[in-house]
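In what follows, a single structure is set out as structure tokens and then discussed.
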Amino acid sequence: MVSERPVLLRALCGLLLLLGAITPVTANAEPLRVPFQWKQAFIDSTDGTRLHADIVRPAGISEDTRTPVILTVSPYRAHSAYLSEPRLTGGPSTDNLSAELFLNAGYTYVIVDLRGFGGSNGCPDFGGPGERADVAAAVEWAASQPWSTGKVGMFGVSYEGWTGLMGLAGKAKGLAAVAAFEPVVDPYSYLYMQGVSWKFSGKPITENGVRPADSAGLEHLLIASTPPRPEDGGEYQSNATQLPWQCYQHYLSQVADHTPDTSFWRDRDLVAPLRGNTIPLFLGQGFVDYNTRAYRVFDLWNGLGPGAHRAWFGQWGHRTCHDKCGTPHFDTELLAFFDKHVAERDVEIPGPRITVSQFDGQWRAETAWPPADAQRVAVELRPGRYTDRGLVPGPDREVWSVSEPLTHDQHLSGIPTATLRLSGPPTATVAVELYDIAPDLRATVITRGIAPVGDTAEVRLLAQDWPIAAGHRIGVRITDVVDDVWSHAPAFAPVTVAAASVELPLLAGTRHPDLPGGLTEGIVKWRNEKTIALDPGMLNNATVSMNLPNRTGAR
């Protein structure tokens, strides 16, 4: 077995760290700003894989003082870099973990590297049984330490939110609560929508999609190749500089497979394993997230069992609402959630079961999402024809259907779906975009979805919560692909739309926002980047009748 990392991949890793090509805009690579104690340990996973752990404790407490524990299990927290951003100071990688909040509240914060990353050995597993075993081992180890009360809460965003969900699926002893924001729920739908690759943004250079999902496996392996720091200990150094070439071969071939119904993808889908879960989950999802999109996370949410679950769904990107969400109360609710369920303190958790941020910048409480009064309204669309050719815009790439100006306010809340009868090559794709068109004919994307062309194509669009004002129009655009959202090799062939319809989840009752909050940074960015000007002449042929119900005014 070859045990040295290839020189080429090490060089690519250095380039990735230099460019910071996949680091979230929020990354700071800063040390903790509160006093702390730090030590390290190694944990044995069930198959003998050695997992590295950083243990960060409040300053001034003794080694045997028992505290509740917050745990993050991560592929991104090597000592020398957070994701791809170099960490010049070394020490525990606590960037964007709200670690100060928890340390000040008397928690111990534990960070464990997933297999193959940071100071842990083994092969990366992309949410498979090995990583799930790592999470269970980390939880049970943290719960059993002499400085632990035996209660562990998991916290994280993105992949680190995914590992929290893995913890719930594994039902590890000692796991008392999980907060998972923008998590991967089903890694196949994270990378592909019905076989079509999502494109991920090129932050910090651009928000637009430039990196096809097919490259995600290589990017994760480059992160796994992050070198250690000179001061790291011997076992950390050894683990961080050895990764068998066979790890790369298997990982790349599996993650790049567009076929959904394989054992690899089925084994990593957490929707079914979490059905009926009763361990408290605090779930967050941004409707305008360019990374983990608002899709199957709602299948997971609505499959949970009874329990003290809560959620924030709204207009932000790949982040928590610690900042840039226009609301002051996120941290208070997050800490109270862990204080009640992990620290077992006598506190009330503020806020409703579900906090919703609407696209108009207002905030409200809900008991279910999609809301119970979201009625699915079928709308017939125009037939037509488009050319699957990608890249170059043009009227031959799209078929529009546009309503008359709305006579009443409408409120879309849920997941629209479209059904199309098509003729064209199976290598072509059909994308459906839903628009809010203002009286000045400036049209803003509400949501979108894509599918391969077939005799019948079913397109499940991304979720949204979007009030549409009276006087505005609803527009539906059928096209081949949205070039900065999906990666698709053009078929260079015509596609005929023989018939098409879309179901819109519209609220029957009028909402009266009842929570503090304002415009999020995500709303401002989305309006700036996802708004186009329509040609008035287009309405001559595109206008269709949409019989939308009058709203009752009752919630």
Side-chain angles (χ1 to χ4, degrees), residues 1-24 27 29 42-43 45 47-54 72-87 90 92-93 95 111-135 137-138 156 158-160 162-163 166 184 187 190-191 200 211 213-229 232-233 235-256 264 268:
M1 175 180 289
V2 179
S3 62
E4 294 183 357
R5 299 172 189 257
V7 174
L8 175 60
L9 288 172
R10 294 291 298 276
L12 286 172
C13 177
L15 177 62
L16 187 66
L17 291 173
L18 177 65
L19 295 176
I22 58 172
T23 304
F42 285 87
I43 304 165
S45 192
D47 62 357
T49 299
R50 294 281 284 172
L51 308 176
H52 169 262
D54 287 307
T72 296
V73 184
S74 176
Y76 295 150
R77 299 195 175 272
H79 287 166
S80 59
Y82 165 52
L83 272 167
S84 60
E85 181 146 328
R87 304 189 66 257
S93 176
D95 312 276
I111 301 163
V112 174
D113 298 324
L114 278 174
R115 61 182 58 211
F117 293 91
S120 299
N121 67 7
C123 288
D125 195 30
F126 204 56
E131 290 189 0
R132 295 197 298 274
D134 295 348
V135 173
S158 191
Y159 207 123
E160 297 169 348
W162 187 11
T163 59
M166 293 181 210
V184 176
Y190 168 65
L191 296 178
F200 295 95
R211 297 157 36 230
D214 306 73
S215 69
L218 177 59
E219 291 175 0
H220 280 106
L221 290 173
L222 293 177
I223 293 169
S225 298
T226 302
R229 292 183 62 84
D232 284 323
E235 184 169 3
Y236 191 112
Q237 293 266 355
S238 176
N239 292 343
T241 53
Q242 295 183 14
L243 190 64
W245 175 240
Q246 287 84 347
C247 294
Y248 289 94
Q249 293 173 311
H250 178 74
Y251 196 93
L252 291 173
S253 64
Q254 297 289 350
V255 173
F264 180 86
R268 287 156 174 77

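Just so you know, these numbers use all the heavy atoms, side chains as well, and skip hydrogens, waters and symmetry mates.
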Query raised in the report: How about Asn121 and His52: does a side-chain donor come under 3.5 Å of a side-chain acceptor?
Result: no

Query raised in the report: How far does OG of Ser253 sit from OH of Tyr248, to the nearest 0.5 angstrom?
Result: 14.5 Å

Query raised in the report: Do the side-chain N and O atoms of Thr241 and Tyr236 include a donor-acceptor pair separated by under 3.5 angstrom?
Result: no

Query raised in the report: How many angstroms lie between OG in Ser84 and CD in Glu219, if you round to the nearest 0.5 Å?
Result: 9.0 Å

Query - Between Phe264 and Tyr251, ring centroids under 6.0 Å - result: no

Report summary line: Interatomic distance, CH2@Trp162 vs CZ@Arg268, rounded to 0.5 Å, equals 7.5 Å

Query raised in the report: For Ser80 and Arg229, what are the C-alpha separation, side-chain angles and deciding distance, and is it a side-chain contact (heavy atoms from CB on, under 4.5 Å)?
Result: CA-CA 6 Å; Ser80 59; Arg229 292 183 62 84; 3.6 Å; yes

Report task. Heavy atoms only: give me the nearest Pro124-Cys247 pair and the separation to one decimal. Result -> CD-CB, 4.5 Å

Query raised in the report: Distance from Arg50 atom CZ to Glu235 atom CD, nearest 0.5 Å?
Result: 4.0 Å

Report task. Please check if the distance between the ring centroids of His220 and Tyr159 is under 6.0 Å. Result -> yes

Report summary line: The residue among Asp95, Val112, Asp54, Thr226 that forms side-chain contact (heavy atoms from CB on, under 4.5 Å) with Arg77 is Asp95

Report task. Find out whether Pro75 and Asp113 are in side-chain contact, i.e. whether some heavy atom of one side chain is under 4.5 Å from a heavy atom of the other. Result -> no

Query - Nearest non-hydrogen partners of Ala240 and Gly118, listed with the distance - result: CB-O, 3.4 Å

Query - Least distance between heavy atoms, Ile43 atom then Ala138 atom - result: CD1-CA, 4.4 Å

**Report entry** Value rounded to 0.5 Å, distance of CG in Leu221 from CZ in Phe126
**Finding:** 10.5 Å

Query - Salt-bridge present (Asp125, Arg132; N to O < 4.0 Å) - result: no

Query raised in the report: Among side-chain atoms of Ser120 and Asn239, is any donor-acceptor pair under 3.5 angstrom?
Result: no

Report task. Over all heavy atoms of both residues, which pair between Leu252 and Gly217 is shortest? Give the atoms and the distance, please. Result -> CD2-C, 3.6 Å

Report task. Locate the shortest heavy-atom distance separating Leu51 from Leu114; write the atom from each residue and the value. Result -> CD2-C, 4.5 Å

Query raised in the report: Side-chain donor-acceptor pair under 3.5 Å between Glu160 and Ser74, yes or no?
Result: yes

Report task. Measure across Tyr82 and Ser93 and return the closest heavy-atom pair with its distance rounded to 0.1 Å. Result -> CB-OG, 3.8 Å

**Report entry** Lys/Arg N to Asp/Glu carboxylate O, Glu131 vs Arg115, below 4.0 Å
**Finding:** no

Query raised in the report: Taking the six-membered ring for Trp, are Tyr190 and Phe200 parallel (under 30°), tilted (30 to 60°) or perpendicular (over 60°)?
Result: tilted

